[in-house]
Number of protein chains: 2
Amino acid sequence: MITQADVAKAAGVSQSAVSKALLGGGGKTTKVSEKMAEHIQNVAKNLGYRPNLFAQRLARNTQNVIGIIIDSCCCGLYTDIMMEIEHLATQAGYRLQVGLVHDSLANIETYVNDFLGYDIQNIICFAHYYDFAEQVPPLFDRFRNPVFISKPMTSEKFAFVSPDYYANFYEAVDYLLKSGHRKVIYAKTAYDTYDARVRVQALRDAYAKYHLPLDEAQIFCKPLRNMDTPELMTLLLDDILPLKPDAIIVGGQTCINLCIRQLKERGLRVPEDISIVSLDCWPGHRYCIPNVTTINNEFMTIARETIRLLLENVGKRRRCTREIFIRGHLDQGETCISR
Amino acid sequence: MITQADVAKAAGVSQSAVSKALLGGGGKTTKVSEKMAEHIQNVAKNLGYRPNLFAQRLARNTQNVIGIIIDSCCCGLYTDIMMEIEHLATQAGYRLQVGLVHDSLANIETYVNDFLGYDIQNIICFAHYYDFAEQVPPLFDRFRNPVFISKPMTSEKFAFVSPDYYANFYEAVDYLLKSGHRKVIYAKTAYDTYDARVRVQALRDAYAKYHLPLDEAQIFCKPLRNMDTPELMTLLLDDILPLKPDAIIVGGQTCINLCIRQLKERGLRVPEDISIVSLDCWPGHRYCIPNVTTINNEFMTIARETIRLLLENVGKRRRCTREIFIRGHLDQGETCISR
DNA sequence: CTGAAAGCGCTTACAG
DNA sequence: CTGAAAGCGCTTACAG
């Protein structure tokens, strides 16, 4: 590895001159002459000099890195968010440092410690909906500028940008009830998360608005993480079909495909017999057959707001606790009809 | 930020004692006594000491980081690869540093420079199929241990783990011809990549094997990157339907959905009128209706082999140039029938 | 067993 | 304009 000292020797100048010529020199540092700078730059280029970033970071006290912790299994669903965050961060002159975790508190802690060790204070947490959800936010207490995507599961105040789960879900149920559905199933699983909780509330509120009775069994609630395997979907349908539902609100792409497929195997058609609404929209959901009525969370907006909030609070002493909910909307597709 | 010096002062010992007590001390370094170590660890814990990773990296000369450059828009398709790589790297005691890029050589170069600046020599490149594809591999010349996922577009020798595009595609065409198809369209776009090239060859070879004539028009080739928008799919179908194809081999999930949907709008049924084979399989493709006949690239195997190859070559002086092709297979689904 | 000291490769205030 | 030198927070060979 070529160092500034090597360049200095080759150019016949001091090491500090090399530093100034190549990498600026902040504060009250005096500049080197135009001529010298050029000479040094040439020598450096010929030798293939590149700064050692550790040394630089150690000597400087600035940082232009944003850390982000994301669950690796969500990259698919959140491609849009990741792309937009990457784009905006780069544009703002920041570098993204991505910690890919999966489903493990220890894993998250490892990256948190790394980030702290690198003195990265600006951090986005996008991996905190687990059965250990309450244990995640405290880890981020140690950062000066943490922003969560999705409301964190804690009473402590953190800055976050979150889909407005309540409003989005309410809109979906309202739409179903308005179009004549009476027995809407929300397949929530027993896995306790903030989003699931407020969705249940939204379901109750929407039913109350229409003065319709809500059978508690309509809130499907088994100790399962998700419905993305055939076995679990079978379990779900076994449980809820006896209730004669006319609509089901359930997970994302794979889950929806499974649901439609298994309903068909049981002789039920979508949407003729049962309407379906998806909780998350995915890239290209408009092109499925039938294309799916889905809750559009406005991920791009969430990405933009997250970066905006983060950048707004870089370097501030007091930690930001803004809570931003992004209102999404229902994308009406072919999986629902009026009853 | 609490430093070792702070801990040393509070514990009434030397700074080097702190270093040894907390972080090991390699080489010929003598250990501190059990008792002292415990004392120092307590003090450090109380003060909330955490090592500055820049200083550590600068002082040490080891590295336990694997860099990976990946296109952010592919995270969806490659979720499995990312998860598996993350898992295996962590398991091997390595940390992953992810450079998320999108579609820009400058972007890739930025991360390459960063990685070099951090003296990360073990690096996975998973973002090199662009119209500037030949400009990417030279950037990785500067690493001691680079591994590409998918064969890089260069005559220079690089280590890589790649789907066996030729064999996989040949199997698909062979399957179609064997089951009575005669007019198989390969929608390749004019965008020149290694995989597209060998697929064309596989198409020719398969047709030759069956002594069937291949119309050059069956190789659809327009200056488009992909077919993932309705407009481009329309363009594709306008072009190829006059040829009366009985099978189409085309992109991934969104593209397949679009294709089936637009064929339906034109009064053509899949698979009754036209069979479809997808070039990439995606999570949950088995559950679509119809579920799709797709080329399974064995991404998990690719991930495993990539990490294995990388770890095998950590620290070696001579750069590895192993070329590993992973044979996939055809996942037969409902989008194809015998003719 | 313990600690003083050199060194990693930079930045930058300061003296000439 | 130029460079000697202190300092960033660690590691580690070495002397006591």
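In what follows, chains are A, B, ... by sequence order, proteins preceding strands, each numbered from 1. Heavy-atom basis, side chains included; hydrogens, waters and symmetry copies ignored.
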Strictly distance-based, threshold 3.5 Å: is any side-chain N or O of [X] a donor or acceptor partner for the main-chain N or O of [Y]?
X	Y	result
Gln41(A)	Ala21(A)	yes
Asp80(A)	Met300(A)	no
Asn297(A)	Phe299(A)	no
Asn113(B)	Thr110(B)	no
Asn313(A)	Leu309(A)	yes
His87(A)	His102(B)	no

Residues from residues 45-52 of chain B sitting under 4.0 Å of DNA chain D, heavy atoms only? Tyr49(B), Arg50(B), Pro51(B), Asn52(B)

Distance, rounded to the nearest Å, where [X] contributes [atom1] and [N] contributes [atom2]:
X	N	atom1	atom2	value
Ile2(A)	dC8(C)	CD1	P	14 Å
Arg60(A)	dC10(C)	CZ	P	11 Å
Leu22(B)	dC10(D)	CG	P	9 Å
Tyr118(A)	dG9(D)	OH	P	17 Å
Phe54(A)	dG9(C)	CZ	C1'	12 Å
Ile40(A)	dC10(C)	CD1	P	14 Å
Leu116(B)	dG9(C)	CG	P	16 Å
Asp6(A)	dC10(C)	CG	C1'	13 Å

Is any side-chain N or O of Ser19(A) closer than 4.0 Å to OP1 or OP2 of dC10(C)?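 Result: no.
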
By the definition side chain to side chain contact (heavy atoms under 4.5 Å, CB included), identify the one residue from Ile123(A), Leu311(A), Ile120(A) that meets it with Ile66(A). Leu311(A)

Applying the Watson-Crick and G-U criteria (both distances under 3.5 angstrom) with [ ] for crossing and | for other-strand pairs, one obtains for DNA chain D |||.||||||||.|||

Apply side chain to side chain contact (heavy atoms under 4.5 Å, CB included) to the pair Phe126(B) and Asp71(B), showing each step before the final yes or no. CA-CA 7 Å; Phe126(B) 197 12; Asp71(B) 196 296; over 6 Å; no

When the ring centroid of Phe132(B) is compared with that of Tyr130(B), is the distance short of 6.0 Å?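 Between Tyr130(B) and Phe132(B), which both carry aromatic rings, the centre distance is below 6.0 Å.
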
What does nucleotides 1-6 of chain C look like as a protein-contact string, B for base, S for sugar-phosphate only, - for none, at under 4.0 angstrom between heavy atoms? SBBBB-

Identify whether the distance between the nearest side-chain nitrogen and carboxylate oxygen of Asp119(A) and Arg50(B) falls below 4.0 Å.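 Salt bridge flag = no for Arg50(B) with Asp119(A).
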
Please determine if Glu305(B) and Arg308(B) form a salt bridge, counting it only when a charged side-chain N lies under 4.0 Å from a carboxylate O. yes

Classify Gln56(B) by what it touches in the nucleic acid, base, sugar-phosphate, or nothing, heavy-atom distance under 4.0 Å. sugar-phosphate

